[in-house]
Undergrad: 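This is the structure I have questions about; it appears just below.
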Amino acid sequence: MLRLLRPLLLLLLLPPPGSPEPPGLAQLSPGAPPQAPDLLYADGLRAYAAGAWAPAVALLREALRSQAALGRVRLDCGASCAAEPGAALPAVLLGAPEPDSGPGPTQGSWERQLLRAALRRADCLTQCAARRLGPGGAARLRVGSTIRDAFRRREPYNYLQRAYYQLKKLDLAAAAAHTFFVANPMHLQMREDMAKYRRMSGVQPQSFRDLETPPHWAAYDTSLELLERQEAGLALPRLEEALQGSLAQMESCRADCQGPEEQEGAEEEEDGAGSQGGLYEAIARHWIQVLQCRQRCVGETATRPGRSFPVPDFLPSQLRRLYEAHARVGNLSQAIENVLSVLLFYPDDEPAKRALNQYQAQLGEPRPGLGPREDIQHFILRSLGEKRQLYYAMEHLGTSFKDPDPWTPAALIPEALREQLREDQEKRSWDHEPPKPKPLTYWKDVLLLEGVTLTQDSRQLNGSERAVLDGLLTPAECGVLLQLAKDAAGAGARSGYRGRRSPHTPHERFEGLTVLKAAQLARAGTVGSQGAKLLLEVSERVRTLTQAYFSPERPLHLSFTHLVCRSAIEGEQEQRMDLSHPVHADNCVLDPDTGECWREPPAYTYRDYSGLLYLNDDFQGGDLFFTEPNALTVTVRGVGGVTV
């Protein structure tokens, strides 16, 4: 009953038919407490799969709103709890000596202070979340890493754009498509959708707006354009806005690290988080994971949507532009303030030191109180305090930490770790010079150079991730693979289904050849080596094309390749009622009675995409088709291609 009430209540929030849609993705219920984003998202996908476009829009929008509202609650609670008495980090971690501690801190004294501060802050966060979110607080609305990644990749907008299209709201469809495309610029299917929207008469250029880009990037890009035009005075407000926005975005990211949310499994294993221990060990493991997450926020804030690597030295580079722009317009006090801030990161930076001497000479008498920016001082002190704890954990607890900042003082790193870290840096020299991502034209060139053409897209195939492509192989290559299959069958080599005539129907002969079996036969001289090599090459070609079209930001790996020949058995085709291959899904068990598809064994749950590559067309039947979840109602027929 509760499951039914949620979509019903959200439907009541939709505007009546014919009413104007609010600009962007406005809040559906302003002031309402956020709901569980993962449940809303799951319900939205169910509505989408069922073709209930209006409920899908309502649920997906509410999921986005609730996710953003949860982020604001975490940010507000984090800020208020950081100011709580007893919640501050021990002074020694911030580079200051402890009171009455003599020449050095008493062994274990700062650890006890840190434990008390961490527990005090955790209790404050729990109470704050309960006040803002109701009983259970953040734990009740905890979102798993898979859903967090989906929101980070803006996947809800992929579904929203199609739902809006079905509802004839082309302006919002284009905006949702553009929002997804900004974060996924290598996604060929969305690129084609964007091209179609541009050709539609009801879509204006201003419809292609990004609904999610963090404000600091817009200000950053505008400031760079103004500086290129030598308009330093106009660039200064945008430079300051970009810096303040960067710091605010970092605070928002850091707020997402706190609380009881799950951490990445791979990181837990790497850092020993899965080891057994008592209460204090559990607290230490969780605290280390929170600190690691906070440190990663530097790179996340400096990474543009859709890019794989951060802008190097993001904050110091902004400060450099600020002091240069202030100096150009004669604001020497502000120029000195910003150049001193750069020197907090790099005390030996020669250009900054020369600029400081020049500005001080031009200014004349020293100005009292003129020093580095307070916001940058706070950022650096806090970051260094966290780094001290993480390096301490590396040295004494065996955890790992990849420092995101090139400006970390060498003296901060324990001497026992310096040589090890230096060797790691030499082995990974590309960390400082990341490989350039392939340009947007690369994947388009892949299609053009190989003569591949798109003959049916997702709309024509009535699905979100489906496509039919032609021209992947030349006729000669198809002939080589067909001959390989015939040679292997003639030698009695059959692999994949334990020697049965057919695993799916008694009316056909099914002969299959894996890549490994083909290589073994070629080595034995049973089949030609050219065909075996081509089978492996074609497998990789299909994988590359599938990744380029559907998953450009996430690498795909081959699970299974099978060269299959299906032959009708003479005399057994009259009045035949069965299918050559029953309606199914590779990665879930389809239950036609309930319309559910259970992602559990014996299905290949680890698979994400399936591809069919047709080598010949001189046969009858063999149509590829898709059905409703009842496995009876055919929704579309295709002719082959890469499909899901």
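Note that the structure is a prediction, hence the values are computed from the model and not measured.
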Undergrad: Heavy atoms only: give me the nearest Leu60-Pro156 pair and the separation to one decimal.
TA: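 Between these two residues, the closest heavy atoms are CD1-O, 4.2 Å.
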Undergrad: What verdict does the salt bridge (Lys or Arg N to Asp or Glu O under 4.0 Å) test give for Glu350 and Lys353, after you've listed the backbone C-alpha separation in whole Å, the side-chain angles of each residue and the deciding distance to 0.1 Å?
TA: CA-CA 5 Å; Glu350 288 300 327; Lys353 290 163 70 174; 3.6 Å; yes
Undergrad: Kindly compute the distance separating CD1 (Ile376) from CG (Leu247), expressed to the nearest 0.5 Å.
TA: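 Taking CD1 in Ile376 and CG in Leu247, the distance rounds to 5.0 Å.
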Undergrad: Mind listing the closest non-hydrogen atom pair of Phe208 and Ala174 along with its distance?
TA: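 Minimum heavy-atom separation between Phe208 and Ala174: CE2-CB, 3.9 Å.
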Undergrad: Roughly how far apart are Ser246 OG and Tyr220 OH, rounded to 0.5 Å?
TA: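 Output value for this atom pair is 8.5 Å.
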Undergrad: Write down the atom of Ala335, the atom of Ala327, and the distance for their closest heavy-atom approach.
TA: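 Of all heavy-atom pairs spanning Ala335 and Ala327, the closest is CB-N, 4.0 Å.
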Undergrad: Hey, what do you get for CZ (Phe401) to CD (Gln295), rounding to the nearest 0.5 Å?
TA: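 So the CZ of Phe401 and the CD of Gln295 are separated by 4.5 Å.
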Undergrad: Within a strict 4.5 Å, meaning less than it, do heavy atoms of the Lys387 and Thr408 side chains meet?
TA: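 Yes; the side chains approach each other to less than 4.5 Å.
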Undergrad: Mind listing the closest non-hydrogen atom pair of Leu59 and Leu40 along with its distance?
TA: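 Nearest heavy atoms, Leu59 then Leu40: CB-O, 3.8 Å.
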Undergrad: Any side-chain heavy atom of Leu64 within less than 4.5 Å of one from Tyr41?
TA: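 Counting from C-beta outward, Leu64 and Tyr41 never come under 4.5 Å.
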Undergrad: If you compare all heavy atoms of Pro310 against all heavy atoms of Gly299, which two are closest, and at what distance to 0.1 Å?
TA: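 Closest heavy-atom pair between Pro310 and Gly299: CB-O, 3.5 Å.
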Undergrad: For Trp407 together with Phe314, are the ring centres under 6.0 Å from each other?
TA: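 Distance test on ring centres: not under 6.0 Å, no.
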Undergrad: Assess whether a salt bridge exists between Asp256 and Arg152, defined as any Lys/Arg side-chain N lying under 4.0 Å from an Asp/Glu carboxylate O.
TA: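 Salt bridge: no.
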Undergrad: Let me see the working for Asp193 and Arg162 under side chain to side chain contact (heavy atoms under 4.5 Å, CB included), right down to the final yes or no.
TA: CA-CA 9 Å; Asp193 289 344; Arg162 176 163 170 78; over 6 Å; no
Undergrad: Considering the options Arg382, Arg74, Arg294, Arg72, which one meets the salt bridge (charged side-chain N to carboxylate O under 4.0 Å, His left out) requirement together with Glu251?
TA: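 Among Arg382, Arg74, Arg294, Arg72, the one that satisfies the salt bridge (charged side-chain N to carboxylate O under 4.0 Å, His left out) with Glu251 is Arg382.
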Undergrad: Please step through side-chain hydrogen bond (donor to acceptor under 3.5 Å, both in side chains) for the pair Tyr346 and Asp313, ending with a clear verdict.
TA: CA-CA 11 Å; Tyr346 296 104; Asp313 248 2; 2.7 Å; yes
Undergrad: Among residues at least two apart in sequence or on other chains, which ones pass side chain to side chain contact (heavy atoms under 4.5 Å, CB included) with Glu241?
TA: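 Side chain to side chain contact (heavy atoms under 4.5 Å, CB included) list for Glu241, sorted by chain: Ala219, Arg238.
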Undergrad: With Ser559, which residues qualify under side chain to side chain contact (heavy atoms under 4.5 Å, CB included), at least two apart?
TA: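 Applying side chain to side chain contact (heavy atoms under 4.5 Å, CB included) to Ser559 gives Tyr606, Arg607.
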Undergrad: Let me see the working for Tyr197 and Gln161 under side chain to side chain contact (heavy atoms under 4.5 Å, CB included), right down to the final yes or no.
TA: CA-CA 10 Å; Tyr197 284 128; Gln161 66 97 11; 2.6 Å; yes
Undergrad: Using every non-hydrogen atom in the two residues, find where Val342 and Pro316 come nearest and quote the distance to one decimal.
TA: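 Minimum heavy-atom separation between Val342 and Pro316: CG2-O, 4.1 Å.
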Undergrad: Any side-chain heavy atom of Thr301 sitting closer than 4.5 Å to one from Pro214?
TA: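 Of all side-chain heavy-atom pairs linking Pro214 with Thr301, none is under 4.5 Å.
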Undergrad: Can you name the residues that form a salt bridge (charged side-chain N to carboxylate O under 4.0 Å, His left out) with Glu231, not counting sequence neighbours?
TA: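 Expected list: Arg229.
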Undergrad: Name all residues meeting the salt bridge (charged side-chain N to carboxylate O under 4.0 Å, His left out) criterion together with Glu300; count only those two or more places apart in sequence or in a different chain, and write none if there are none.
TA: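 Not a single residue meets the salt bridge (charged side-chain N to carboxylate O under 4.0 Å, His left out) criterion with Glu300.
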Undergrad: Drop me the distance from Leu239's CG to Thr222's OG1, to the nearest 0.5 angstrom.
TA: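 Separation between the atoms: 10.0 Å.
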Undergrad: More than 12 non-hydrogen atoms from neighbouring residues, nucleotides or ligands closer than 6.0 Å to CD on Glu374, yes or no?
TA: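 Counting neighbours around CD of Glu374, 12 or fewer heavy atoms of other residues, nucleotides or ligands fall under 6.0 Å, so no.
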Undergrad: Can you tell me how far the CG atom of Leu319 sits from the OH atom of Tyr323, to the nearest 0.5 Å?
TA: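 One finds 9.5 Å between CG of Leu319 and OH of Tyr323.
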Undergrad: For Val73, give me all partners under side chain to side chain contact (heavy atoms under 4.5 Å, CB included), at least two apart in sequence or on another chain.
TA: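 By the side chain to side chain contact (heavy atoms under 4.5 Å, CB included) rule, Val73 matches Cys77, Arg132, Leu133.
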Undergrad: Picking from Glu240, Gln318, Arg373, Glu324, what satisfies side chain to side chain donor-acceptor pair (under 3.5 Å) with Asn338?
TA: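 That would be Arg373.
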Undergrad: Cys297: which residues meet the side chain to side chain contact (heavy atoms under 4.5 Å, CB included) condition with it, sequence neighbours left out?
TA: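 For Cys297 the side chain to side chain contact (heavy atoms under 4.5 Å, CB included) partners, ignoring immediate neighbours, are Met250, Cys253, Arg254, Cys257.
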Undergrad: For Tyr157 and Glu212: C-alpha separation, side-chain torsions, deciding distance, then whether side-chain hydrogen bond (donor to acceptor under 3.5 Å, both in side chains) applies.
TA: CA-CA 10 Å; Tyr157 289 97; Glu212 287 281 343; 2.5 Å; yes
Undergrad: Measure the spacing between CG of Leu236 and CG of Asn331 and express it to the nearest 0.5 Å.
TA: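 Spacing of CG (Leu236) from CG (Asn331) equals 6.5 Å.
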